[in-house]
Protein chains: 2
Amino acid sequence: MDEVIFEFLSKYIELTEEEKKILSELKFIKSFKKGSLLLREGEMSKECFFILEGCAYSYYLVDGEVKVTEFFTEKQPITPVSYTTKKPSEYYLECLEDCIVSIGSQERTAELMTKMPRLAELGPAFLEDELASQRMKYDTFIKLSPEQRYQNLQKQSPELLDRIPQYLIASYLGIKPESLSRIRKRILK
Amino acid sequence: MDEVIFEFLSKYIELTEEEKKILSELKFIKSFKKGSLLLREGEMSKECFFILEGCAYSYYLVDGEVKVTEFFTEKQPITPVSYTTKKPSEYYLECLEDCIVSIGSQERTAELMTKMPRLAELGPAFLEDELASQRMKYDTFIKLSPEQRYQNLQKQSPELLDRIPQYLIASYLGIKPESLSRIRKRILK
DNA sequence: GTCATTTCTTAACCCAAATCAATGAAAATC
DNA sequence: GATTTTCATTGATTTGGGTTAAGAAATGAC
């Protein structure tokens with residue numbers, strides 16, 4: 001289980017056995033049932049998450065309509081905007097499946113930093129990665145038509161298509177479920 | 001002229017007179033004519049920019065068609081993705097007006113850091129701000145219809161509408177100039 | 001100033017996605 | 001295992017943006 005965390009961190013720094021031990025001891029893990037809300041609109045986010053198992057998604061509710069902005073699966077960190085800005089969240093974070101999640105907080109991160117100072121090094125690199133992928137996401141959305149976006153998703157993350165209900169995929173692509181259904185039909189020919 | 005830079009930096013740290021002097025000495029300023037390209041697709045970006053005067057924009061060329069992703073005006077920093085990733089740029093950066101620009105490079109930044117170590121503090125905060133605004137940009141785009149996006153732009157940055165040709169605004173909003181023209185007419189009633 | 005180019009608007013027609021409605025299939029609940 | 005509820009598909013219709021083409025208005029060049 002801890003391996004999932006180590007694997008993620010190894011993208012940024014090589015962990016010593018000592019450090020792995022510290023992480024194992026200090027980590028805080030929780031399970032959530034499918035449909036649980038990790039964060040509500042209007043709520044202040046005091047926690048950030050790291051998915052060990054399962055799948056979650058973020059969405060806005062714009063006059064009653066769900067607008068999905070992201071899916072998160074194993075090995076993915078979730079840092080809500082509200083967590084960094086310290087303002088109420090404008091979107092929801094919900095478990096799409098039963099989830100096992102490692103939960104971070106300001107305090108726990110601070111404690112971890114003192115016991116393992118090297119962890120601070122990874123901050124800017126992580127932020128840069130997040131920024132780059134966020135920009136890419138926007139740019140791809142701008143550049144492609146709904147149909148191309150679907151094909152792009154199919155190519156980039158085929159797992160998601162098997163795992164996530166189609167009406168949520170549709171929302172993520174910025175279209176209605178009926179339209180996605182037709183796009184799929186169109187492509188099959 | 002330097003004031004513009006100081007004002008920007010004061011969002012993150014208070015500058016001493018000493019530090020202002022260092023900045024004034026080390027800065028590197030250049031002028032560009034309207035239409036100059038600060039960065040080309042396929043090119044490696046070795047520079048980041050800070051607009052002192054004028055206006056620039058970034059755009060993709062997707063089979064011959066311009067897709068605007070951002071406008072930059074006075075007091076705005078431009079950090080091309082290519083500058084951080086060290087991969088060839090996928091988009092263009094062009095001056096929309098005659099521009100006066102402060103230009104940063106890896107080397108000059110390093111030199112500045114040694115003479116003014118406190119500058120490093122601002123790094124993560126700046127990255128966080130960029131990330132937050134990039135996310136907001138995406139989310140706003142997702143949530144709103146073209147018409148709402150125009151009204152949102154009108155409310156958030158009315159200056160841009162007076163300053164930037166409509167066909168580029170249209171591209172930025174993800175629609176064609178003709179459609180923007182129609183939307184404007186629709187709204188006037 | 002005149003001429004040329006760029007930018008903006010308008011109109012007619014086209015098309016993809018939205019909407020509305022109905023039906024089936026699949027899952028969740030009991 | 002029967003019953004709700006949720007999800008996916010399909011059809012008919014509407015709507016808003018795309019396309020094409022023309023002319024008007026603004027801007028720039030000489």
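Every chain is numbered from 1, with letters handed out A, B, ... down the list of sequences. Heavy-atom basis, side chains included; hydrogens, waters and symmetry copies ignored.
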Partner residues of [X] under the ring-ring contact (aromatic ring centres under 6.0 Å, His included) criterion, sequence neighbours left out:
X	result
Y60(B)	Y91(B)
Y92(B)	Y59(B)
F32(A)	none
F72(A)	none

Anything under 3.5 Å between a donor and an acceptor, one on a side chain of residues 38-57 of chain A, the other on a protein residue two or more places apart or in another chain? List them.
from: R40(A); atom 1: NE; to: E43(A); atom 2: OE2; distance (Å): 3.2
from: S45(A); atom 1: OG; to: E47(A); atom 2: O; distance (Å): 3.0

Between Y150(A) and R184(A), do the side chains contain an N or O donor and an N or O acceptor separated by less than 3.5 Å?
yes

Considering only heavy atoms of chain B and a distance under 4.0 Å, specify the first and last nucleotide of DNA chain D in 5' to 3' order that meet this criterion.
dG17(D) to dT20(D)

To the nearest angstrom, how far is [X] atom [atom1] from [N] atom [atom2]?
X	N	atom1	atom2	result
L180(B)	dT10(C)	CG	P	12 Å
I175(A)	dA18(C)	CD1	P	6 Å
R182(A)	dC20(C)	CZ	P	14 Å
K176(A)	dC20(C)	NZ	C1'	13 Å

What's the separation between atom OG1 in T85(A) and atom CG in D129(B), rounded to the nearest 0.5 Å?
10.5 Å

May I ask you to evaluate whether [X] reaches the phosphate of [N], defined as a side-chain N or O under 4.0 Å from OP1 or OP2?
X	N	answer
K185(B)	dT9(C)	no
S179(A)	dA18(C)	yes
R184(B)	dT9(C)	yes

Given the rule in the side chain to side chain donor-acceptor pair (under 3.5 Å) test, do S145(B) and Q148(B) qualify, once you have shown the distances and angles that lead to the verdict?
CA-CA 5 Å; S145(B) 67; Q148(B) 293 172 318; 3.3 Å; yes

For K137(A), what residues pass the salt bridge (charged side-chain N to carboxylate O under 4.0 Å, His left out) criterion, not counting sequence neighbours?
E70(A)

Kindly state each residue pair satisfying salt bridge (charged side-chain N to carboxylate O under 4.0 Å, His left out) with at least one member in residues 147-157 of chain B, sequence neighbours excluded.
E147(B)-R186(B)

Quick check: do S58(B) and L93(B) have side-chain heavy atoms less than 4.5 Å from each other?
yes

Using a cut-off of strictly less than 4.0 Å between a heavy atom of the residue and any atom of DNA chain D, enumerate the qualifying residues of residues 149-174 of chain A by number.
P165(A), Q166(A), Y167(A)

In B/S/- notation, 5' to 3', how is nucleotides 21-30 of chain C contacted by protein heavy atoms closer than 4.0 Å?
-------S--

Can you give me the bend angle of the helix from dG1(C)-dC30(D) to dC30(C)-dG1(D)? Use the axis through the first five pairs and the one through the last five, nearest 10 degrees.
60°

When you measure from the side chain of T109(B) to the backbone N and O of S105(B), does any donor-acceptor pair fall under 3.5 Å?
yes

For residues 165-188 of chain A, which residue pairs qualify under ring-ring contact (aromatic ring centres under 6.0 Å, His included), counting only residues two or more places apart or in two chains?
F71(A)-Y172(A)

